[in-house]
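Ligands are counted one by one from 1 in listed order, and the atoms in each one are counted from 1 as well.
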Amino acid sequence: MRYVQIPVPVNSPLPKASSISHMAYFCSQVLSTSFFTPKSQIPVLLNPGVACIKSFHQYRFLHIKAMQGDKVSTPTPSDECMVRVPHVLTVAGSDSGAGAGIQADLKACAARGVYCSTVITAVTAQNTVGVQGVNIVPEDFVAEQLRSVLSDMHPDVVKTGMLPSIGIVKTLCQSLKEFPVQALVVDPVMVSTSGHTLAGPSILDIFREELLPMADIATPNLKEASALLGGVPLETIADMRYAAKAIHDIGPRNVLVKGGDLPASLDAVDVFYDGKDFYEFRSSRIMTPNTHGTGCTLASSVAAELAKGSQMLSAVKVAKRYIEAALSYSKNIAIGGGRQGPMDHLLKLKSNVQRRPFDPCDLFLYAVTDSRMNERWGRSIVDAVKAALEGGASIIQLREKEVETSDFLEAAKACLKICRVHGVPLLINDRIDVALASDADGVHIGQSDMPAHVARVLLGPDKIIGVSCKTPEHAQQAWIDGADYIGSGGVYPTNTKENNKTIGLDGLKTVCLSSKLPVVAIGGIGISNAQAVMGLGVPNLKGVAVVSALFDRECVLTETRKLLEVLKESTK
Ligand SMILES: Cc1ncc(COP(=O)(O)OP(=O)(O)O)c(N)n1
Ligand SMILES: Cc1nc(C(=O)O)sc1CCOP(=O)(O)O
Ligand SMILES: [Mg+2]
């Protein structure tokens with residue numbers, strides 16, 4: 001007896017081949033059952049791994065204990081669950097400017113968590129100004145690339161972009177007949193956004209006769225839809241509905257007519273038709289020159305969702321949402337000197353560009369807020385932060401233990417704006433969610449908060465993470481976990497934090513000497529004792545973190561200025 005692992009595509013027809021694959025299909029219907037014995041009397045064990053992969057919609061992997069002599073077509077003889085990654089193959093042209101084409105497809109699939117393989121049909125010389133040249137890949141070499149990928153890697157979904165010759169379209173259709181895939185997404189690319197012809201009118205017949213009838217969805221823009229329908233003008237949403245239906249009649253199971261170029265429309269409206277119902281997707285127009293590659297990105301995002309196992313309508317919805325977010329993120333990134341820049345698929349470029357790296361000197365005068373204190377003195381969190389920044393605070397932490405989440409988030413967003421103006425990092429105490437939602441510069445967490453290594457995974461490599469450490473062991477762990485600095489205290493007794501253990505100057509020195517990370521001292525520190533703390537003279541002690549000495553006072557600005565002077569004095 002041995003174990004075999006059988007991937008069962010959710011939408012595939014009943015497997016015909018062997019008793020095992022037949023059973024695998026049967027198992028997929030009863031995933032909630034852990035044990036059963038089918039009619040064939042072959043004992044079947046659904047490995048616990050099945051449950052964990054159940055959420056991975058595209059395939060249900062079944063571990064089956066198979067009897068000797070059972071016929072198994074392509075089993076993976078392993079006791080371990082191998083996770084199959086959803087996979088899109090894009091058949092398209094290369095864009096040297098990397099805004100559209102193969103490069104957009106790779107980035108969109110990566111952003112959507114899907115593997116993307118590539119068959120290149122043409123190499124274009126392109127930038128943000130336009131298309132300077134096109135070199136079509138010979139048909140037989142496109143065929144060879146297709147064979148390489150389809151015969152071995154079995155992509156779930158094929159997405160097509162630039163198909164520059166009749167021969168290449170024929171080759172593709174032939175390959176798809178030989179190696180069927182679960183879904184075919186056809187983006188009938190004809191003209192680049194800069195107006196350069198990428199596939200001429202000679203291609204239209206073969207699109208209509210062969211490719212579109214095989215497609216699960218076609219995603220033409222207005223110009224492409226019009227070309228497919230013999231040049232009929234498309235100027236209104238009613239025209240788009242007409243076009244969606246008329247293209248559906250050509251053969252694709254679903255049609256998405258993209259209305260980005262619709263004249264006189266404030267919203268961007270796309271019309272989706274599934275052969276029965278029409279759906280309109282509206283989104284407010286994002287004013288940006290960085291729209292190069294939106295068509296390719298939308299189609300490959302639809303393909304990515306289909307590869308994950310989504311139904312067509314929800315795949316289109318998610319892809320639309322993703323495009324809107326990506327366009328919004330990239331609306332003012334500056335790449336190239338032309339009229340049309342690329343969009344930012346990975347949604348991170350913008351914030352990374354703005355954020356400067358963490359500098360341990362930022363810890364010099366570390367202001368930590370406390371809403372109770374600010375309330376007592378009749379000021380908002382934002383006003384308190386403003387005053388501390390004007391007084392010379394070099395980093396701010398919002399430590400708001402009692403505010404509602406929505407108020408915390410609003411305060412964080414408002415404080416972030418002011419901190420950006422001053423070039424000072426803003427950290428959030430304890431709340432990773434608020435840090436993520438506000439795009440703050442990082443978090444400060446304690447020994448009983450979210451573990452720092454988990455916070456690092458959630459926040460990514462660029463955000464600042466500080467960890468409270470009272471012992472050398474804490475400091476060592478913070479270093480291993482990927483923290484950027486540690487806060488060490490309480491140096492002196494404090495009323496701000498209940499039941500806080502005081503480690504004294506000696507304890508602080510011990511932690512500093514063992515720490516590979518820069519240290520900020522905390523706990524009962526103010527104007528009267530800051531000099532003694534900094535006077536410890538350990539090189540990685542970079543500053544003091546202070547709550548009540550700044551915020552439990554009438555004038556935050558004055559107190560911050562005074563403390564700054566003391567700190568400067570102590571480091572002379
Ligand atoms: C700079 C700095 N150091 C230490 C702390 C304390 O963090 P933690 O131990 O998580 O306690 P709370 O602040 O959450 O009560 C800090 N906030 N900042
Ligand atoms: C938040 C905090 N953490 C501490 C630690 O020892 O880790 S002491 C402390 C409170 C610091 O407030 P004040 O400056 O008013 O004493
Ligand atoms: Mg904490």
Side-chain angles (χ1 to χ4, degrees), residues 358 360-374 376-377 384 388 393-403 408 424-435 440-452 454-455 464-471 474-475 477-478 481 483-512 515 517-530 532-533 540-553 556 559-560 562-563 566-567:
F358 172 65
C361 294
D362 292 336
L363 299 172
F364 193 54
L365 201 175
Y366 190 143
V368 182
T369 69
D370 181 308
S371 48
R372 267 173 314 172
M373 292 178 194
N374 287 318
R376 200 177 305 146
W377 291 96
S394 54
I395 189 165
I396 303 283
Q397 179 189 139
L398 298 188
R399 181 176 180 271
E400 300 298 329
K401 298 286 186 186
E402 275 145 31
V403 294
F408 197 171
V424 163
L426 178 80
L427 306 189
I428 305 294
N429 177 272
D430 293 353
R431 299 284 301 268
I432 313 285
D433 55 342
V434 174
D441 299 298
V443 294
H444 186 93
I445 45 185
Q447 292 297 321
S448 50
D449 297 321
M450 178 82 73
V454 180
I464 303 167
I465 297 182
V467 177
S468 302
C469 298
K470 289 189 187 294
T471 65
H474 289 165
Q477 192 60 47
D481 285 353
D484 295 293
Y485 75 89
I486 62 169
S488 191
V491 180
Y492 301 108
T494 176
N495 291 325
T496 306
K497 187 172 162 66
E498 273 179 16
N499 305 321
N500 190 50
K501 186 180 165 209
T502 303
I503 60 169
L505 283 175
D506 288 346
L508 172 65
K509 192 169 182 179
T510 307
V511 171
C512 286
S515 174
L517 293 168
V519 184
V520 63
I522 190 166
I525 302 174
I527 292 164
S528 63
N529 56 16
V533 176
N540 60 345
L541 177 60
K542 298 294 180 190
V544 295
V546 179
V547 188
S548 54
L550 300 185
F551 296 109
D552 210 3
R553 300 287 189 275
V556 176
E559 299 304 324
T560 315
K562 282 202 253 170
L563 182 58
V566 173
L567 289 170

For this session: For R553, enumerate each residue passing the salt bridge (charged side-chain N to carboxylate O under 4.0 Å, His left out) test, keeping only those at least two apart in sequence or located in another chain.
Result: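 If we apply the salt bridge (charged side-chain N to carboxylate O under 4.0 Å, His left out) test to R553, skipping adjacent residues, there are no hits.
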Exercise. Just by distance, with hydrogens left out, do E400 and T369 show a side-chain donor and acceptor under 3.5 Å apart?
Worked result: yes
In Å, rounded to the nearest 0.5 Å, how long is the span from [atom1] of [X] to [atom2] of [Y]?
| X | Y | atom1 | atom2 | answer |
| --- | --- | --- | --- | --- |
| D449 | N429 | CG | CG | 7.0 Å |
| N500 | Y492 | CG | OH | 14.5 Å |
| K501 | K470 | NZ | NZ | 7.5 Å |
| D370 | L398 | CG | CG | 11.5 Å |
| I464 | H444 | CD1 | NE2 | 12.5 Å |

Look at the side chain of [X] and the backbone N and O of [Y], then say whether any donor-acceptor pair between them is shorter than 3.5 Å.
| X | Y | answer |
| --- | --- | --- |
| S515 | L517 | yes |
| Q447 | S468 | yes |
| D552 | M373 | no |

Problem set entry | Closest contact, heavy atoms only, V556 versus A384 | CG1-O, 3.8 Å
Problem set entry | Whether V368 lies under 4.0 Å from ligand 1, heavy atom |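 Under 4.0 Å: no for V368.
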Exercise. With only distance considered, is N429 within less than 3.5 Å of ligand 1 through an N or O on each side?
Worked result: yes
Exercise. Can you check whether Y485 has an N/O within less than 3.5 Å of an N/O in ligand 1?
Worked result: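 By distance alone, the answer is no.
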For this session: Decide yes or no on side chain to side chain contact (heavy atoms under 4.5 Å, CB included) for L427 and Y485, but give the supporting numbers first.
Result: CA-CA 12 Å; L427 306 189; Y485 75 89; 3.4 Å; yes
Exercise. With sequence neighbours left out, which residue pairs that include part of residues 518-528 fulfil the salt bridge (Lys or Arg N to Asp or Glu O under 4.0 Å) condition?
Worked result: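 Pairs touching residues 518-528 that pass the test: none.
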Provide the number and element of each atom of ligand 1 under 4.0 Å from a heavy atom of [X].
| X | value |
| --- | --- |
| D430 | 10 (O), 14 (O) |
| Y366 | 1 (C) |
| G446 | 8 (P), 9 (O), 10 (O) |

Problem set entry | Other residues, nucleotides, ligands: >12 heavy atoms within 6.0 Å of K401 NZ |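 Check passes, neighbour count above 12.
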Exercise. How would you list, by chain and number, the residues with a heavy atom under 4.0 angstrom from ligand 2?
Worked result: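 Within 4.0 Å of ligand 2, the protein residues are R399, K470, G489, G490, T494, T496, K497, N500, I522, G523, G524, V546, V547, S548.
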Problem set entry | Proximal protein heteroatoms (N, O or S) of the Mg ion (ligand 3), under 2.8 Å | D430 OD1, D449 OD2
Exercise. Who's the nearest protein heavy-atom neighbour of atom 11 (O) of ligand 1, and how far?
Worked result: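 Nearest protein contact, heavy atoms only, for atom 11 (O) of ligand 1 is K497 NZ, 2.9 Å.
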Exercise. Evaluating non-hydrogen atoms only, which member of G543, S448, G487, S468 is closest to atom 4 (C) of ligand 1?
Worked result: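 Of the listed residues, S468 has the closest heavy atom.
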For this session: Run down the list R399, K401, Q447, Q397 and name the one with the heavy atom closest to atom 14 (O) of ligand 1.
Result: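 Of the listed residues, K401 has the closest heavy atom.
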